[in-house]
Peer 1: 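This is the structure, below, for whatever I ask next.
Values below: every heavy atom of this structure, side chains too, minus hydrogens, waters and symmetry copies. Both ligands and their constituent atoms are indexed starting at 1 by order of listing.
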Amino acid sequence: MTRFSNPSFVSSVLEEYGFRFKKRFGQNFLIDGNILDSIIAAAQLKAWDWVFEVGPGLGALTTAAAAKAEKVVAVEIDRTLVSILKEKLRSPNIAVIKGDALTLDWRDALQEQGWAGESLKFVANLPYYLTTPLIMKALEGGLPFQNLIVMVQKEVGQRMAAQPDSKDYGVLSLVVQYYTEVSLVCSVPRTVFIPAPKVDSAVLSLRPRPPKADAPRAELFEVIKISFQQRRKTVRNALKPLAKQWDLTLGDLDQAFARANLDSSLRGERLTLNDFSELTKQLLKGR
Ligand code: SAM
């Protein structure tokens, strides 16, 4: 718990600076020390870790992480918050950068602060409007994050962690689980934020590891995406346009299902990542 998540501290800072929340930036500040402790514990921070944070807000996570890690580099889009943070956070191991995390080069930002490949972790209470693109950037941007602890809207968290045969299972589950081992750290009620959002949240731990699927990634993701474009369609029917694009006949498509040992009347939600991988490999063989 740091004073930066204390409700009276947060209110006094907001008042001191006459701060107005900007809805467009998804600003909901965490004011619960227990949730904060759970996030920091899940990150398993060591004294030599570097932490990259998106959206420090008033610094609740930033200061808690900085108390355990070597250095925290935090990117904040709101210039007013950046000025407040620069005044309030005087720790030498915190660097606040003004920028849009979606377009900023994270590696450059880290290196400018002196990061030279040290053990790196990602911690963020993400703005809702950018959750998926920011998570994809963290997973696909090439930085060696050892783990990613992210606070997201509850429904998005359920989708990331979902297993086959559930309504939440889909592209996001498969893509995130392609890169990482996903687990729920804790559920978070909407009441622990200022201002309270309209939805509940969840903290998830994403632990990168080598992909469990061995089909070529770009084609695998194409197969997955098209298979869920219309959830009620069978995968075979959903894949027809892609098969055509890949110069495959319907016979080739059926053969791919047979060789992958898959029932072609199944819908996407029944297929595991491994099933999609096998199917993709067999489709590519027919090309
Ligand atoms: N970390 C703080 C906390 O937990 O109390 C604030 C979290 S708040 C949900 C999201 C933060 O992300 C806000 O401070 C917001 O201004 C910032 N933000 C929104 N869009 C951003 C972007 N594109 N790049 C960087 N920061 C952004």
Side-chain angles (χ1 to χ4, degrees), residues 1-14 17 19-43 51-67 69 72-89 94-106 108-110 121-138 141 148-157 185-186 188-204:
M1 169 85 174
T2 80
R3 70 191 173 107
F4 290 85
S5 64
N6 183 310
S8 46
F9 173 81
V10 172
S11 306
S12 73
V13 174
L14 296 176
Y17 289 88
F19 182 78
R20 289 182 181 277
F21 292 100
K22 296 174 193 76
K23 232 182 170 177
R24 68 180 188 284
F25 290 154
Q27 291 175 340
N28 304 99
F29 300 149
L30 182 63
I31 48 160
D32 184 296
N34 293 328
I35 305 282
L36 187 61
D37 289 346
S38 303
I39 295 173
I40 297 301
V51 174
F52 187 75
E53 184 190 6
V54 169
L58 284 177
L61 284 173
T62 325
T63 46
V72 180
V73 177
V75 184
E76 173 58 61
I77 199 168
D78 184 332
R79 68 176 70 249
T80 312
L81 288 175
V82 174
S83 317
I84 298 176
L85 288 172
K86 288 201 164 155
E87 270 185 51
K88 296 277 172 202
L89 306 183
I94 297 178
V96 178
I97 294 166
K98 157 85 181 78
D100 178 347
L102 203 55
T103 51
L104 185 87
D105 186 318
W106 296 3
D108 278 358
L110 279 159
K121 293 176 175 170
F122 183 93
V123 172
N125 171 10
L126 291 168
Y128 290 149
Y129 76 109
L130 278 184
T131 304
T132 307
L134 287 170
I135 287 179
M136 291 318 297
K137 182 164 175 172
L148 302 95
I149 310 299
V150 288
M151 170 109 70
V152 298
Q153 193 177 328
K154 182 176 157 197
E155 287 68 24
V156 176
V185 174
C186 58
V188 184
R190 63 195 76 182
T191 48
V192 301
F193 300 96
I194 292 184
K198 289 201 174 71
V199 290
D200 293 323
S201 294
V203 177
L204 290 162

Peer 1: Assess whether atom NZ of K154 is packed by more than 12 heavy atoms of other residues, nucleotides or ligands within 6.0 Å.
Peer 2: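 Check fails, neighbour count at 12 or below.
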Peer 1: How close does the nearest protein non-hydrogen atom get to atom 20 (N) of ligand 1, and which residue and atom is it?
Peer 2: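 The closest one turns out to be Y129 OH, 2.8 Å.
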Peer 1: Which option out of D100, V10, L85, D32 puts a heavy atom nearest to atom 23 (N) of ligand 1?
Peer 2: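 The option holding the nearest heavy atom is D100.
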Peer 1: Heavy atoms, side chains only, cut-off 4.5 Å: are L14 and V10 in contact?
Peer 2: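 SC-SC contact between L14 and V10 confirmed.
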Peer 1: For atom 5 (O) of ligand 1, find the nearest protein heavy atom and state the residue, atom name and distance (0.1 Å precision).
Peer 2: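 Atom 5 (O) of ligand 1 sits closest to the protein heavy atom L30 N, 2.8 Å.
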Peer 1: Out of M151, E76, Q27, who is nearest to atom 14 (O) of ligand 1 when you count heavy atoms only?
Peer 2: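 Checking each option, the heavy atom nearest atom 14 (O) of ligand 1 is found in E76.
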Peer 1: Identify, for atom 2 (C) of ligand 1, the protein heavy atom at the shortest distance, and state residue, atom and that distance.
Peer 2: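 Result: P56 O, 3.3 Å.
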Peer 1: As an exercise, identify every atom of ligand 1 less than 4.0 angstrom from a heavy atom of N28.
Peer 2: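 Result: 7 (C), 8 (S), 9 (C).
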Peer 1: Looking only at non-hydrogen atoms, which of I97, N125, I35, L134 approaches atom 4 (O) of ligand 1 most closely?
Peer 2: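 Selected option, by shortest heavy-atom distance: N125.
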Peer 1: Using a 4.5 Å cut-off on heavy atoms from C-beta on, say whether the side chain of N28 contacts that of I194.
Peer 2: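 Answer no - side chains too far apart.
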Peer 1: For this output row, return yes or no: ring centroids of F4 and F9 closer than 6.0 angstrom.
Peer 2: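 Yes - the distance between ring centres of F4 and F9 falls below the 6.0 Å cut-off.
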Peer 1: How far does CD1 of I135 sit from CG of L148, to the nearest 0.5 angstrom?
Peer 2: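 Going from CD1 on I135 over to CG on L148, the span is 8.0 Å.
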Peer 1: Is there at least one pair of N or O atoms, one from D78 and one from ligand 1, spaced under 3.5 Å apart?
Peer 2: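 No, no N or O pair falls under 3.5 Å.
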Peer 1: Find the distance between CG (D78) and NZ (K98) and round it off to the nearest 0.5 Å.
Peer 2: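 The CG atom of D78 sits 8.0 Å away from the NZ atom of K98.
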Peer 1: If we only count heavy atoms from C-beta on, is the L30 to I35 side-chain gap below 4.5 Å?
Peer 2: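 Yes - at least one pair of side-chain heavy atoms lies under 4.5 Å apart.
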Peer 1: Nearest non-hydrogen contact with atom 22 (C) of ligand 1 belongs to which option: V152, V192, I77, L102?
Peer 2: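 Looking at heavy atoms only, the winner is I77.
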Peer 1: Quick one, S201 with Q153, criterion side-chain hydrogen bond (donor to acceptor under 3.5 Å, both in side chains). Give me CA distance, side-chain angles, the key distance, then yes/no.
Peer 2: CA-CA 4 Å; S201 294; Q153 193 177 328; over 6 Å; no
Peer 1: Would you mind running through ligand 1 and noting each atom that sits below 4.0 Å from a heavy atom of G26?
Peer 2: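 Selected atoms, number and element: 8 (S), 9 (C), 10 (C).
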Peer 1: Taking a cutoff of less than 4.0 Å between a non-hydrogen atom of the residue and any ligand atom, is E53 in contact with ligand 1?
Peer 2: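 For ligand 1, residue contact (heavy atoms, under 4.0 Å) with E53 is present.
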Peer 1: V199 and Y128: which non-hydrogen atoms are nearest, and at how many Å?
Peer 2: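 Residues V199 and Y128, closest heavy atoms: CG2-CE1, 3.9 Å.
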Peer 1: Give the atom numbers and elements of ligand 1 that come within less than 4.0 Å of a heavy atom of F29.
Peer 2: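 Contacts of ligand 1 toward F29, numbered from 1: 5 (O), 6 (C), 14 (O).
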Peer 1: Show which atoms of ligand 1 fall inside a sub-4.0 Å distance from at least one heavy-atom site of L130.
Peer 2: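 Those of ligand 1 that fall under 4.0 Å from L130 are 23 (N).
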Peer 1: Measure the spacing between CG of D100 and CD1 of I77 and express it to the nearest 0.5 Å.
Peer 2: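 Here the rounded value is 4.0 Å.
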Peer 1: Numbering the atoms of ligand 1 from 1, which are under 4.0 Å from a heavy atom of G99?
Peer 2: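 Atoms satisfying the 4.0 Å criterion: 24 (N), 25 (C).
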Peer 1: What part of L81, side chain, backbone, both or neither, has a heavy atom within less than 4.0 angstrom of ligand 1?
Peer 2: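 L81 to ligand 1: side-chain contact only, backbone stays beyond 4.0 Å.
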Peer 1: Considering only non-hydrogen protein atoms, determine which one is nearest to atom 6 (C) of ligand 1 and report residue, atom name and distance to 0.1 Å.
Peer 2: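 Closest protein heavy atom to atom 6 (C) of ligand 1: G55 O, 3.4 Å.
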Peer 1: With atom 24 (N) of ligand 1 as the reference point, say which of G59, A74, A101 has the nearest heavy atom.
Peer 2: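 Ranked by closest heavy atom to atom 24 (N) of ligand 1, first place is A101.
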Peer 1: Answer yes or no: does atom NZ of K23 have more than 12 heavy-atom neighbours from other residues, nucleotides or ligands under 6.0 Å?
Peer 2: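 For K23, atom NZ is not crowded (no more than 12 foreign heavy atoms under 6.0 Å).
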Peer 1: List the atom of V75, the atom of G99, and the distance in Å for their closest heavy-atom pair.
Peer 2: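 Between these two residues, the closest heavy atoms are CG1-O, 3.5 Å.
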Peer 1: Evaluate P127 for polar contact with ligand 1, using N/O atom pairs at a separation under 3.5 Å.
Peer 2: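 No, since none of the N or O atoms of P127 sits under 3.5 Å from an N or O of ligand 1.
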Peer 1: Considering non-hydrogen atoms of the protein only, which is the closest contact for atom 19 (C) of ligand 1, and what is the distance?
Peer 2: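 Answer, as residue, atom name and distance: F25 O, 3.1 Å.
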Peer 1: Please could you name the atoms of ligand 1 that V75 approaches to less than 4.0 Å, counting only its heavy atoms?
Peer 2: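 Contacts of ligand 1 toward V75, numbered from 1: 25 (C), 26 (N).
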